[in-house]
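Everything below concerns the one structure shown next.
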Amino acid sequence: MIEKSAFANQETEMLVGSAKYAMPWRSILIAPLASIPVMTIAGMGSSDAGMLSDLGIGLLFGVILGVPMSFFGIVMIGLPLYFLLQRFESLRWWIVCMAGALVPFLLFFNDAAIRTTLAAVVTGLSVGALAYALRPREIMKPIFEKDRKDAS
């Protein structure tokens with residue numbers, strides 16, 4: 001009976017270890033979509049054509065430019081950073097959000113207007129926050145009644 005319980009715990013330990021380095025598919029595929037509403041809101045009031053025109057242009061730019069650039073950023077910078085931080089057990093929400101904001105800031109700083117730079121930074125921040133929220137969680141060990149009795 002004790003060996004079976006020990007084997008079950010060992011099997012659970014293997015599941016926890018394999019889930020630790022799971023590929024963050026939800027973060028990769030869904031998080032870039034956070035750039036659409038942020039770019040749409042950032043573009044409001046930028047032209048004299050009216051708010052409805054700004055809404056349409058913002059949605060267009062969000063879909064055509066924001067999503068592919070966010071996807072590229074997550075795959076090229078975010079994914080290696082995720083595995084590096086996961087390896088050293090330093091994956092924190094503020095590090096991911098800071099990296100999401102820092103990359104567009106470095107790309108747009110001194111090359112674009114301040115409004116464009118701020119919109120890119122807020123977009124990167126929102127994509128980073130959503131990517132962190134959608135990351136794979138570690139599998140929790142189940143607590144069995146017989147394990148509680150053995151431990152006491």
Side-chain angles (χ1 to χ4, degrees), residues 1-44 55-109 111-112 114-152:
M1 192 79 155
I2 295 173
E3 293 175 5
K4 186 176 183 183
S5 176
F7 176 76
N9 286 339
Q10 183 180 11
E11 185 177 7
T12 305
E13 287 290 332
M14 290 180 3
L15 287 174
V16 170
S18 65
K20 186 175 181 180
Y21 298 107
M23 189 66 132
W25 287 113
R26 291 186 310 172
S27 296
I28 294 170
L29 299 174
I30 298 172
L33 297 176
S35 63
I36 296 172
V38 175
M39 288 185 74
T40 302
I41 293 169
M44 293 295 218
L55 179 69
I57 291 171
L59 287 172
L60 183 70
F61 277 121
V63 171
I64 292 177
L65 293 175
V67 173
M69 289 177 72
S70 298
F71 181 74
F72 182 76
I74 281 184
V75 170
M76 298 304 292
I77 297 168
L79 201 57
L81 181 67
Y82 169 78
F83 285 121
L84 183 70
L85 291 172
Q86 190 77 349
R87 171 73 172 101
F88 293 109
E89 296 179 0
S90 300
L91 189 64
R92 307 284 184 268
W93 68 270
W94 57 273
I95 295 175
V96 175
C97 290
M98 194 167 48
L102 187 64
V103 170
F105 177 77
L106 294 175
L107 291 174
F108 284 97
F109 184 68
D111 288 337
I114 189 73
R115 181 182 174 128
T116 306
T117 303
L118 287 175
V121 166
V122 172
T123 301
L125 182 71
S126 66
V127 170
L130 187 59
Y132 181 81
L134 295 174
R135 77 192 185 286
R137 306 277 202 271
E138 288 187 28
I139 298 173
M140 301 299 289
K141 286 194 245 183
I143 299 173
F144 299 106
E145 287 296 323
K146 60 184 174 184
D147 291 336
R148 285 188 203 168
K149 291 176 186 175
D150 291 340
S152 57

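The basis for the numbers below is simple: all heavy atoms, side chains too, and nothing from hydrogens, waters or symmetry mates.
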Excluding sequence neighbours, so at least two apart, what forms side-chain contact (heavy atoms from CB on, under 4.5 Å) with Arg92?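 With sequence neighbours excluded, Arg92 shows a side-chain contact (heavy atoms from CB on, under 4.5 Å) to Trp94, Ile95, given in chain and number order.
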Partners of Phe109 by ring pair (Phe, Tyr, Trp, His ring centres under 6.0 Å), sequence neighbours excluded?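 With sequence neighbours excluded, Phe109 shows a ring pair (Phe, Tyr, Trp, His ring centres under 6.0 Å) to Phe105, given in chain and number order.
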Once you round to the nearest 0.5 Å, how far does [atom1] of [X] lie from [atom2] of [Y]?
{"X": "Met76", "Y": "Leu81", "atom1": "CE", "atom2": "CG", "result": "13.5 Å"}
{"X": "Leu65", "Y": "Ser70", "atom1": "CG", "atom2": "OG", "result": "10.0 Å"}
{"X": "Ile41", "Y": "Ile36", "atom1": "CD1", "atom2": "CD1", "result": "12.0 Å"}
{"X": "Tyr82", "Y": "Arg87", "atom1": "OH", "atom2": "CZ", "result": "14.0 Å"}
{"X": "Met39", "Y": "Ile57", "atom1": "CE", "atom2": "CD1", "result": "12.0 Å"}

Given side chains that start at C-beta, do those of [X] and [Y] come closer than 4.5 Å, heavy atoms only?
{"X": "Ile74", "Y": "Ser27", "answer": "no"}
{"X": "Leu79", "Y": "Pro24", "answer": "yes"}
{"X": "Thr40", "Y": "Phe61", "answer": "no"}

What are the two closest non-hydrogen atoms of [X] and [Y], and how far apart are they?
{"X": "Gly62", "Y": "Ser35", "value": "O-OG, 4.2 Å"}
{"X": "Ala34", "Y": "Pro37", "value": "O-CD, 3.4 Å"}
{"X": "Arg115", "Y": "Ala42", "value": "NH2-O, 2.7 Å"}
{"X": "Thr117", "Y": "Phe108", "value": "OG1-O, 3.5 Å"}

Look at atom CZ of Phe72 and say whether more than 12 heavy atoms of other residues, nucleotides or ligands are closer to it than 6.0 Å.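 It does not: Phe72 CZ has 12 such atoms or fewer within range.
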Output a table of donor-acceptor pairs, distance under 3.5 Å, between side-chain atoms of residues 122-135 and any protein atom two or more places apart or on a different chain; print 'none' if there are none.
from: Thr123; atom 1: OG1; to: Ala119; atom 2: O; distance (Å): 2.7
from: Ser126; atom 1: OG; to: Val122; atom 2: O; distance (Å): 3.4
from: Ser126; atom 1: OG; to: Thr123; atom 2: O; distance (Å): 2.8
from: Tyr132; atom 1: OH; to: Arg135; atom 2: NH2; distance (Å): 3.4
from: Arg135; atom 1: NH1; to: Tyr132; atom 2: O; distance (Å): 2.8

